[in-house]
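We're numbering straight along the sequence, starting at 1. The model shown is predicted, which means the values in this text are computed figures rather than measured ones.
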Amino acid sequence: MFGFKEIDDYKSASILNEILSDNPVDLLNILNHKEVAVIGAGPSLEKIDKIREEVIISADGATNYLVSKGIIPDIIVTDLDGIETFPNSVYVVHAHGNNINLLHKVYNMTKVIGTAQVSPFGRINLFGGFTDGDRAVVIAKKFGASKIILYGMDFDSNLIGKFSKPYLLSDVPISWIKRNKLKIAKEIVKLTLEQNL
Ligand SMILES: Nc1ncnc2c1ncn2[C@@H]1O[C@H](COP(=O)(O)OP(=O)(O)OP(=O)(O)O)[C@@H](O)[C@H]1O
Ligand SMILES: Nc1nc2c(c(=O)[nH]1)N=C(CO)CN2
Ligand SMILES: [Mg+2]
């Protein structure tokens with residue numbers, strides 16, 4: 001559907017594997033039995049009033065807005081094209097065929113877990129999920145969150161939120177690719193939140 005090339009996904013994952021050091025981050029310790037807020041970069045992001053949950057996970061571009069408001073996420077899930085500020089959070093960095101040129105951003109991070117959409121190897125994990133937002137939900141669920149609350153997750157919107165990419169000055173009409181990415185994200189979030197594991 002999107003024309004992503006598996007060989008490029010492997011290339012990106014291999015480079016990330018080389019960049020990462022053995023630096024175990026215990027996601028279970030952060031997330032198990034916790035109430036978790038997952039923050040996306042939809043247009044409603046700027047309307048967030050208060051985040052009451054114990055743990056905050058931001059999805060890529062949403063991080064820039066949160067940090068500008070003085071909110072430092074505990075965990076940042078990113079494919080590197082939205083994030084432009086690097087607080088001392090735990091990062092879950094996703095390598096794929098279209099972000100090889102952005103992997104240098106990992107040098108700005110100290111606590112990093114690598115993921116990719118290929119079979120796991122070395123320091124590369126495969127937790128599931130597709131976009132940064134739904135992967136954040138999958139991770140929260142996998143590592144034992146007791147409750148997951150979504151903010152800025154506007155899957156049916158006709159707009160891409162302006163914090164999605166650093167170069168956007170306002171919300172913009174949704175592209176074909178983003179609409180279809182959000183469709184997949186919505187389905188994964190629904191199925192993940194329905195799970196009673
Ligand atoms: N209307 C929306 N616009 C942008 N993001 C949205 C929207 N609704 C929900 N989101 C969620 O917010 C997350 C963070 O947004 P961002 O655009 O930075 O994500 P991304 O997954 O890195 O996307 P991309 O593939 O464009 O790099 C998305 O992954 C998505 O799950
Ligand atoms: N190669 C490639 N893989 C992806 C991409 C992408 O843009 N390129 N976007 C994703 C969800 O945002 C998930 N996976
Ligand atoms: Mg991104």
Side-chain angles (χ1 to χ4, degrees), residues 4 8-9 12-13 15-21 23 25 27 30-31 36-46 48 51 53 55-117 123-125 127 129-140 150-155 157 159-172 174-175 177-178 181-182 185 188-189:
F4 302 149
D8 292 337
D9 291 335
S12 190
I15 295 168
L16 180 60
N17 183 51
E18 290 297 320
I19 293 174
L20 294 179
S21 49
N23 166 21
V25 177
L27 287 176
I30 303 174
L31 292 164
V36 176
V38 175
I39 322 285
S44 68
L45 174 60
E46 285 180 288
I48 293 178
I51 302 169
E53 290 68 32
V55 177
I56 297 176
I57 309 182
S58 65
D60 206 17
T63 310
N64 304 328
Y65 174 74
L66 293 178
V67 172
S68 78
K69 294 289 166 194
I71 301 168
I72 306 300
D74 299 281
I75 300 171
I76 296 170
V77 176
T78 176
D79 70 348
L80 302 171
D81 61 354
I83 190 164
E84 58 172 2
T85 175
F86 301 95
N88 184 29
S89 308
V90 167
Y91 291 80
V92 180
V93 172
H94 190 70
H96 61 55
N98 294 101
N99 68 5
I100 293 174
N101 62 332
L102 297 173
L103 291 171
H104 64 87
K105 290 190 183 183
V106 173
Y107 292 110
N108 295 304
M109 309 166 183
T110 49
K111 293 167 278 183
V112 193
I113 296 174
T115 65
Q117 54 210 21
R123 301 181 186 103
I124 301 299
N125 300 275
F127 296 141
F130 183 59
T131 73
D132 289 326
D134 65 83
R135 273 187 292 106
V137 171
V138 167
I139 288 165
L150 307 181
Y151 299 86
M153 293 287 211
D154 309 313
F155 297 122
S157 175
L159 296 171
I160 301 175
K162 78 171 173 191
F163 290 95
S164 171
K165 298 287 175 292
Y167 52 80
L168 292 179
L169 299 176
S170 61
D171 299 343
V172 294
I174 199 154
S175 56
I177 188 165
K178 193 72 172 187
K181 282 183 173 185
L182 292 183
I188 292 173
V189 167

(Q) Would you say that L66 contacts I72 through its side chain, given a criterion of any heavy-atom pair below 4.5 Å between the two side chains? (A) no
Q | Any donor-acceptor pair under 3.5 Å from D134 side chain to F130 backbone | A | yes
**Q.** Close side-chain approach of L31 to V36, heavy-atom, < 4.5 Å
**A.** yes
Q: Please tell me if the side chains of I39 and I57 come closer than 4.5 Å, counting only heavy atoms from C-beta onward.
A: no
(Q) Could you check whether any side-chain heavy atom of L20 comes within less than 4.5 Å of a side-chain heavy atom of V106, counting everything from C-beta outward? (A) yes
Q. Does a side-chain heavy-atom distance below 4.5 Å link H94 with V77?
A. no
Q | Separation between CD of E18 and CG of L103, rounded to the nearest 0.5 Å | A | 12.0 Å
Q. With a 4.5 Å limit on heavy-atom distance, are the side chains of I174 and L159 in contact?
A. no
Q. If you round to the nearest 0.5 Å, how far is CD1 of I30 from CD1 of I75?
A. 4.5 Å
Q.
I'd like to know if the side chain of S89 reaches the main chain of P73, judged simply by a donor and an acceptor atom lying under 3.5 Å from each other, with no hydrogens or angles considered.
A. yes
Q) Has the side chain of D60 got a donor or acceptor atom that lies under 3.5 Å from a matching backbone atom of D132? A) no
Q) Under 4.5 Å between any side-chain heavy atoms of V92 and T78, yes or no? A) no
Q | Nearest heavy atoms of K178 and S164, plus distance in Å | A | NZ-OG, 3.7 Å
Q | Stepwise side-chain contact (heavy atoms from CB on, under 4.5 Å) check, V93 with L16 | A | CA-CA 9 Å; V93 172; L16 180 60; 4.2 Å; yes
Q: Spell out, as yes or no, whether a donor-acceptor pair under 3.5 Å connects the side chain of R135 to the backbone of G129.
A: no
**Q.** G97 backbone acceptor or donor facing D9 side chain under 3.5 Å
**A.** yes
(Q) Testing the basics here: between A62 and A41, what is the closest heavy-atom pair and its distance to 0.1 Å? (A) N-CB, 3.9 Å
**Q.** Polar side-chain atom of D154 near backbone of S44 as donor-acceptor pair, under 3.5 Å
**A.** yes
Q: In sequence, state the C-alpha distance, the side-chain angles, and the governing distance for D79 and H96, and then conclude on side-chain hydrogen bond (donor to acceptor under 3.5 Å, both in side chains).
A: CA-CA 8 Å; D79 70 348; H96 61 55; 3.2 Å; yes
Q. Among pairs that include at least one residue of residues 97-108, which meet side chain to side chain donor-acceptor pair (under 3.5 Å), considering only residues two or more places apart or in two chains?
A. S12-N99
Q) side chain to side chain contact (heavy atoms under 4.5 Å, CB included) with K111: which residues, sequence neighbours excluded? A) V25, N88, V90
Q) Can you name the residues that form a side chain to side chain contact (heavy atoms under 4.5 Å, CB included) with E46, not counting sequence neighbours? A) Y65, K162, F163
Q) Going by atom types alone, do Y151 and E53 pair a side-chain donor with an acceptor below 3.5 Å? A) yes
Q. Between CZ of F127 and CG of L27, what distance do you get to the nearest 0.5 Å?
A. 6.0 Å
Q) Counting distance only, does the side-chain N/O of N64 pair as donor-acceptor with the main-chain N or O of G82 below 3.5 Å? A) yes
Q) When rounded to the nearest 0.5 angstrom, what is the spacing between CD1 in I56 and CD1 in I51? A) 4.0 Å
Q.
Checking T115 against N125 for the side-chain hydrogen bond (donor to acceptor under 3.5 Å, both in side chains) test, could you report, in this order, the C-alpha distance in whole Å, the side-chain angles of both residues, the deciding distance, and whether it holds?
A. CA-CA 4 Å; T115 65; N125 300 275; over 6 Å; no
Q. Is any side-chain heavy atom of I76 less than 4.5 Å from a side-chain heavy atom of P87?
A. yes
Q: Supply the atom-to-atom distance I83 CD1 to S58 OG, rounded to the nearest 0.5 angstrom.
A: 6.5 Å
**Q.** Residue pair V137, I188: steps toward the side-chain contact (heavy atoms from CB on, under 4.5 Å) verdict
**A.** CA-CA 9 Å; V137 171; I188 292 173; over 6 Å; no
